[in-house]
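Here the structure is laid out as structure tokens; the discussion comes afterwards.
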Protein chains: 2
Amino acid sequence: MVKYEQISNEMRKRLLDGFYSTDQPIPDEITLANQFNCSRMTMKKALDILVLEGFLYRKRGHGTFIVRTAIQTNKVNVISKDSLGLSHLLKGKGKIPASKIIKFNVEFPTEEIAAHLSIEMDTPIYDIIRLRIVDNEPYVIEHTYIPTTIIQGISEKVLSSSVYSHIKDNLGLTIAGSHRKIRACKPNELDQEYLGCLQNDPILEVEQVCYLNNGVPFEYSFSRHRYDKFEFTTVNIRR
Amino acid sequence: MVKYEQISNEMRKRLLDGFYSTDQPIPDEITLANQFNCSRMTMKKALDILVLEGFLYRKRGHGTFIVRTAIQTNKVNVISKDSLGLSHLLKGKGKIPASKIIKFNVEFPTEEIAAHLSIEMDTPIYDIIRLRIVDNEPYVIEHTYIPTTIIQGISEKVLSSSVYSHIKDNLGLTIAGSHRKIRACKPNELDQEYLGCLQNDPILEVEQVCYLNNGVPFEYSFSRHRYDKFEFTTVNIRR
DNA sequence: CAGTGGTCTAGACCACAGA
DNA sequence: CTGTGGTCTAGACCACTGT
């Protein structure tokens with residue numbers, strides 16, 4: 001681990017331990033740099049991380065202060081919790097999702113799907129529908145489109161665990177992030193059949209395009225959730 | 001404007017203008033630093049911004065490359081568009097929202113509201129319900145709670161324009177960000193009356209807590225949208 | 001090996017706020 | 001004025017990659 005990460009971790013620990021009083025600024029950057037035997041630039045980089053995580057805020061000409069609410073509540077690392085897959089989301093809660101594969105085909109994309117994945121219409125895609133089940137209760141229907149040219153080797157085994165682990169560990173690719181649209185809509189027949197929802201129970205739909213490190217989109221998906229079992233949480237930080 | 005921002009802007013312009021070929025890496029950091037008459041650290045900081053914005057990606061030992069999809073589509077600055085208020089959201093589209101104030105009181109908070117705002121139950125709050133109207137069509141009902149101790153001077157005039165401008169420009173406070181929960185739910189009487197939705201039209205609800213720079217929450221709100229007129233968009237970047 | 005980005009340093013000057 | 005954080009520099013060494 002690099003130096004600024006070590007220092008950042010130590011400082012985060014100190015903040016949570018109450019090492020510094022919240023009534024006054026923490027020591028200035030030069031003092032801290034001396035204490036940690038590093039340059040001021042490195043100290044600043046370490047503190048930058050804690051500012052981004054919401055533990056500290058700076059006032060030019062004043063000093064660096066502790067965000068009280070951040071160390072009182074235990075909402076630690078909310079930011080880094082932002083994840084893509086369901087498997088990863090639920091792991092922290094000691095729950096493991098099961099998957100029922102409703103559809104698993106290779107097909108040609110529609111115009112809309114091709115556009116979202118930046119591929120031609122003659123490029124075959126995996127066309128996948130899965131029902132994800134948690135604690136023996138239906139949780140979400142995921143409709144997923146993945147170009148076969150970009151992600152190879154998807155099997156039923158991969159689908160029943162995590163596609164993202166396959167991409168990361170087996171294929172050695174790096175996921176950069178995703179764009180999402182969240183909307184409310186009315187349930188269709190598939191929702192009513194598999195999620196067991198009534199005709200006027202709303203559905204929360206998350207449309208997502210996932211990108212690799214090099215900007216290539218590799219997945220286009222729709223996740224349809226029961227309105228009483230899911231809400232979407234985001235953290236928005238102004239720059 | 002500081003140097004690294006100037007350089008970053010110039011480089012963004014070059015990328016969008018097709019100044020560099022997408023088939024090969026852009027010039028290395030030392031070469032660029034010489035061209036821009038700056039140090040390598042400053043050049044790196046300028047490029048960091050473009051990497052965060054999704055225009056560039058780096059490969060250690062290889063070079064810095066252009067994300068093709070980012071300069072093809074015109075989804076520029078998606079990241080920095082993330083905003084809080086409706087006024088700001090619509091300005092870019094040349095639309096100006098009108099507001100109808102349904103409720104504007106000062107009251108004591110419920111236990112739940114006090115908890116979200118980290119205040120005592122004897123601290124008075126503004127209790128506001130507004131209907132926002134765009135193009136003469138009802139758009140969203142916003143239910144807002146703001147501690148009177150933190151944000152002073154809210155008037156009907158402020159409510160009919162932008163609360164956030166008031167906080168920033170009149171009070172000189174800095175907004176740090178917000179936490180949001182997004183869910184689908186069934187419409188209540190208020191929704192049906194003011195949004196004109198039917199009994200089994202879903203509602204998209206956004207629950208939001210906004211924080212100041214120093215970590216103090218200053219606003220707790222619920223925005224209830226017609227399902228056919230709004231979707232929530234987010235950009236998720238992995239670190 | 002050479003070329004790239006990643007980190008780190010010691011020091012400098014600037015912008016801002018309060019005394 | 002002093003003290004704070006914000007920026008910038010010139011140079012150094014390291015880690016990773018393909019030749």
Side-chain angles (χ1 to χ4, degrees), chain A residues 1-11 15 20-67 172-174 176 213-215 238-239, chain B residues 1-11 15 20-67 168 171-174 176 213-215 238-239:
Chain A
M1 187 158 36
V2 293
K3 199 164 183 176
Y4 67 81
E5 279 179 313
Q6 290 172 15
I7 296 174
S8 184
N9 290 341
E10 170 60 23
M11 284 298 293
L15 295 176
Y20 296 112
S21 163
T22 58
D23 297 329
Q24 46 183 324
I26 63 171
D28 66 274
E29 296 179 344
I30 295 175
T31 305
L32 284 172
N34 291 335
Q35 285 177 15
F36 282 105
N37 274 309
C38 67
S39 71
R40 190 182 151 216
M41 288 292 278
T42 302
M43 196 63 226
K44 180 185 289 299
K45 200 161 180 179
L47 294 180
D48 277 345
I49 295 175
L50 299 175
V51 170
L52 264 181
E53 290 178 346
F55 288 106
L56 296 174
Y57 67 102
R58 296 195 255 233
K59 272 190 188 172
R60 201 187 187 117
H62 285 268
T64 304
F65 299 82
I66 299 172
V67 174
L173 300 172
T174 306
N213 204 14
N214 54 6
R238 272 164 117 73
R239 294 163 196 275
Chain B
M1 187 160 32
V2 292
K3 199 164 183 177
Y4 68 81
E5 278 180 313
Q6 289 173 16
I7 297 174
S8 184
N9 290 340
E10 169 60 23
M11 283 299 293
L15 295 176
Y20 296 111
S21 162
T22 57
D23 296 330
Q24 45 183 323
I26 64 171
D28 65 274
E29 295 180 344
I30 295 175
T31 304
L32 284 171
N34 290 335
Q35 286 178 15
F36 282 104
N37 275 309
C38 68
S39 70
R40 192 183 150 216
M41 288 292 279
T42 301
M43 196 62 225
K44 178 185 288 299
K45 200 162 180 178
L47 294 179
D48 278 345
I49 294 175
L50 299 175
V51 170
L52 263 181
E53 290 179 346
F55 289 106
L56 296 174
Y57 67 102
R58 295 197 255 235
K59 271 190 190 171
R60 201 187 188 117
H62 284 268
T64 304
F65 300 82
I66 299 172
V67 174
K168 211 179 155 192
L171 302 180
L173 300 172
T174 306
N213 204 13
N214 55 6
R238 273 164 116 73
R239 294 161 196 276

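Letters A, B, ... mirror the listed sequences (proteins, then strands); counts begin at 1.
Rounded to whole angstrom, the span from the CD1 atom of I30(A) across to the P atom of dT4(D) amounts to 7 Å. Separating the CD1 atom of I26(B) from the P atom of dT4(C) is a distance of 12 Å, rounded to the nearest angstrom. Atoms NZ (K59(B)) and C1' (dG3(C)) sit 15 Å apart, rounded to a whole Å. If you take CG of L47(A) and P of dC8(C), they are 14 Å apart, rounded to a whole angstrom. As a whole-Å value, the separation of F36(B) CZ from dC8(D) P is 14 Å. Remark: P of dG6(C) and CG of D48(A) are 16 Å apart, rounded to the nearest angstrom.
Between D28(A) and E5(B), the residue anchored nearer the 5' end of DNA chain D, judged by the nucleotide with its closest heavy atom, is D28(A).
Looking only at distances, a side-chain donor or acceptor of Q6(A) sits under 3.5 Å from a matching main-chain atom of M1(A).
The nearest pair of heavy atoms linking E29(B) to R58(B) is OE2-NH1, 3.3 Å.
OP1 or OP2 of dG6(C) sits under 4.0 Å from a side-chain N or O of K44(B). For T64(B) and dG5(C), the shortest distance from a side-chain N or O to OP1 or OP2 is below 4.0 Å. Using a 4.0 Å cut-off, some side-chain N or O of K45(A) falls inside it from OP1 or OP2 of dT7(C). Considering only side-chain N and O atoms, Y4(B) lies nowhere under 4.0 angstrom from the phosphate OP1 or OP2 of dC8(D).
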Handout entry: Test side chain to side chain contact (heavy atoms under 4.5 Å, CB included) applied to V67(A) and L56(A), step by step
Key = CA-CA 5 Å; V67(A) 174; L56(A) 296 174; 5.7 Å; no
Practice task
Test side chain to side chain contact (heavy atoms under 4.5 Å, CB included) on M11(A) and F55(A) and set out the steps.
Solution key: CA-CA 10 Å; M11(A) 284 298 293; F55(A) 288 106; over 6 Å; no
Exercise for the section: Would you check, one step at a time, whether the test side chain to side chain contact (heavy atoms under 4.5 Å, CB included) holds for L32(A) with Q35(A)? Expected result: CA-CA 5 Å; L32(A) 284 172; Q35(A) 285 177 15; 3.9 Å; yes
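Pair check for dA2(C) finds dT17(D); Watson-Crick or G-U wobble, both atom distances under 3.5 Å.
With sequence neighbours excluded, no residue forms a salt bridge (charged side-chain N to carboxylate O under 4.0 Å, His left out) with E5(B). With sequence neighbours left out, the side-chain hydrogen bond (donor to acceptor under 3.5 Å, both in side chains) criterion links K3(B) to no other residue.
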Fill in the blank from the handout: Per-nt protein contacts along nucleotides 9-19 of chain C (heavy atom under 4.0 Å; B base, S backbone sugar-phosphate only, - none) come out as BB-B--BBSS-
